[in-house]
Every structure is written in C-alpha cells, then in structure tokens.
A.B. asks: 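My questions will all concern the structure given below.
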Amino acid sequence: VQLQASGGGLVQPGGSLRLSCAVSGFSVMDRAIGWFRQAPGKEREGIACISSESNNRYYRDSVRGRFTVSRDTATNTAYLQMNSLEPEDTATYYCARSSLTFTIWRWASASSYDSWGQGTQVTVSS
C-alpha cells in the first residue's frame, strides 16, 4: 500500500492549488480517503474526507466552501482542490487511507487512518 501526495507549492493569497494523492495497493473506491495538514508547531488536523461507499464529503469548518475533495477511479487518485487560499492554510498536507475500523463520525481523527502519504508542502504568501 502506497500513497503519494503531490501538487504543493508557493501560491499567493487568493490563489488555488490542486493536490493529488496517487494510491497503489488498493482502490480509492474501497476506502475513505482523508486529507490532513500540519503547520509548524501545531498538531495535525483533518481537513477533508471522501467516504468510500456513499461518496459523501466532509470538511473542516475552516476550509468548507474553499476546498473540494474528489477521486478518480480511472487513475486511482484522490484530489484536493484548494481555492481562495489564505496564509493560514500554509502547512504540510497529507493524504491517508482509512483503516478497517473507520467510522465516519471520526473522519477527522488521525487514528482513523492506517496508511499515509509522505506530505506535500503548501505555502501561501505574497
């Protein structure tokens, strides 16, 4: 099982980025995919999740309406589209695969995931 996050970079406030999470060893349709971020000196926080069965999407309040999570079964890749980026969005972003004991009401908890990508840096600055 591998998850490879990419697409980070430096962007100005108000700009957009699309992060990708290429997975192997399982299908993106078989497990929920979560997106997390961690800023220096802060705890890792869950920001978005797409469920496996119902295709429902969940977002942290601070990103709802700006970020969109999706997945593509043809490429076995999950995406996080980030619009209207703010300096407070600066962090290392991670994608993760839900564990077999995953429950949707704990989607934002890191303990609900069993495999993680390596992280991609997003810096929002003018």
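These numbers were taken from a predicted model, which means no experiment stands behind them. Nothing fancy with the numbering, it's 1 onward along the sequence.
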A.B. asks: Within the distance-only criterion (no hydrogens, no angle test), does the side chain of Arg31 pair as donor or acceptor with the backbone N or O of Ser98 below 3.5 angstrom?
C.D. replies: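 Side chain of Arg31 to backbone of Ser98: a pair is present.
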A.B. asks: What residue pairs, at least two apart or across chains, pass ring pair (Phe, Tyr, Trp, His ring centres under 6.0 Å) with a residue in residues 64-103?
C.D. replies: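 Sorted result for residues 64-103: Phe102-Tyr113.
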A.B. asks: Report all side-chain donor-acceptor pairs from residues 11-27 shorter than 3.5 Å, counting only partners two or more places apart or in another chain.
C.D. replies:
{"from": "Ser16", "atom 1": "OG", "to": "Asn83", "atom 2": "OD1", "distance (Å)": "2.9"}
{"from": "Ser27", "atom 1": "OG", "to": "Met29", "atom 2": "N", "distance (Å)": "3.1"}

A.B. asks: Do you know the tightest heavy-atom contact between Arg71 and Val28?
C.D. replies: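 So the minimum-distance heavy-atom pair works out to NH1-O, 3.0 Å.
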A.B. asks: Do Arg60 and Phe36 make a side-chain contact, defined as non-hydrogen atoms from C-beta onward lying under 4.5 Å apart?
C.D. replies: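 No. Closest side-chain heavy atoms not under 4.5 Å.
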A.B. asks: Where is the tightest heavy-atom contact between Ser84 and Arg66, given as atom of each residue plus distance?
C.D. replies: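 Of all heavy-atom pairs spanning Ser84 and Arg66, the closest is O-NH1, 2.9 Å.
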A.B. asks: Using a 4.5 Å cut-off on heavy atoms from C-beta on, say whether the side chain of Glu88 contacts that of Ser62.
C.D. replies: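 Heavy-atom side-chain distance check fails, nothing below 4.5 Å.
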A.B. asks: With sequence neighbours excluded, what pairs up with Ala48 under the side chain to side chain contact (heavy atoms under 4.5 Å, CB included) test?
C.D. replies: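 With neighbours one apart ignored, the set is Trp35, Tyr59, Val69, Leu80.
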A.B. asks: Determine, step by step, whether Thr90 and Val122 satisfy the side chain to side chain contact (heavy atoms under 4.5 Å, CB included) criterion, reporting the C-alpha distance in whole Å, the side-chain angles of both residues, the deciding distance to 0.1 Å, and the verdict.
C.D. replies: CA-CA 5 Å; Thr90 295; Val122 172; 5.9 Å; no
A.B. asks: Can you sort out the partners of Leu10 under side chain to side chain contact (heavy atoms under 4.5 Å, CB included), two or more places apart, ordered by chain and number?
C.D. replies: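 For Leu10, the residues satisfying side chain to side chain contact (heavy atoms under 4.5 Å, CB included) (neighbours in sequence not counted) are Thr123, Ser125.
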A.B. asks: Apply side chain to side chain contact (heavy atoms under 4.5 Å, CB included) to Asp61 and list each qualifying residue two or more places apart in sequence or on a separate chain.
C.D. replies: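 Applying side chain to side chain contact (heavy atoms under 4.5 Å, CB included) to Asp61 gives Arg64.
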A.B. asks: Which pair of non-hydrogen atoms, one from Ala74 and one from Asp72, has the smallest distance, and what is that distance?
C.D. replies: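 Answer, listing the atom of Ala74 first, then Asp72: N-OD1, 2.8 Å.
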A.B. asks: Sequence neighbours left out, cut at 3.5 Å: what donor-acceptor pairs do the side chains of residues 104-111 make with other protein atoms?
C.D. replies:
{"from": "Arg106", "atom 1": "NH2", "to": "Ser109", "atom 2": "OG", "distance (Å)": "3.1"}
{"from": "Arg106", "atom 1": "NH2", "to": "Ser111", "atom 2": "OG", "distance (Å)": "2.9"}
{"from": "Ser109", "atom 1": "OG", "to": "Ser111", "atom 2": "N", "distance (Å)": "3.4"}
{"from": "Ser109", "atom 1": "OG", "to": "Ser111", "atom 2": "OG", "distance (Å)": "2.8"}

A.B. asks: Within the structure provided, determine whether Ser115 and Val1 are in side-chain contact (heavy-atom separation under 4.5 Å).
C.D. replies: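 Side-chain contact under 4.5 Å: yes.
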A.B. asks: Minimum heavy-atom separation for Asp114 to Ser99, with atom names?
C.D. replies: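 Heavy-atom minimum between the residues: OD2-CA, 3.7 Å.
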A.B. asks: If you round to the nearest 0.5 Å, how far is OG1 of Thr120 from CZ of Arg37?
C.D. replies: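 That separation rounds to 14.0 Å.
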A.B. asks: Which atom names give the shortest non-hydrogen contact between Cys95 and Ala5, and what distance separates them?
C.D. replies: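 Looks like SG-CB, 4.1 Å.
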A.B. asks: Do other residues, nucleotides or ligands put more than 12 heavy atoms under 6.0 Å from the CD atom of Glu86?
C.D. replies: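 It does: Glu86 CD has more than 12 such atoms within range.
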A.B. asks: Output, in order, the C-alpha distance, side-chain angles, deciding distance and verdict of side chain to side chain contact (heavy atoms under 4.5 Å, CB included) for Ser70 and Arg57.
C.D. replies: CA-CA 8 Å; Ser70 63; Arg57 294 161 170 83; 4.2 Å; yes
A.B. asks: Out of curiosity, Arg44 CZ to Ile47 CD1, how far, rounded to the nearest 0.5 Å?
C.D. replies: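 If we round to the nearest 0.5 Å, Arg44:CZ and Ile47:CD1 are 11.5 Å apart.
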A.B. asks: Hey, could you give me the CD/CD distance between Gln4 and Gln2, rounded to the nearest 0.5 Å?
C.D. replies: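 One gets 7.5 Å once the value is rounded to the nearest 0.5 Å.
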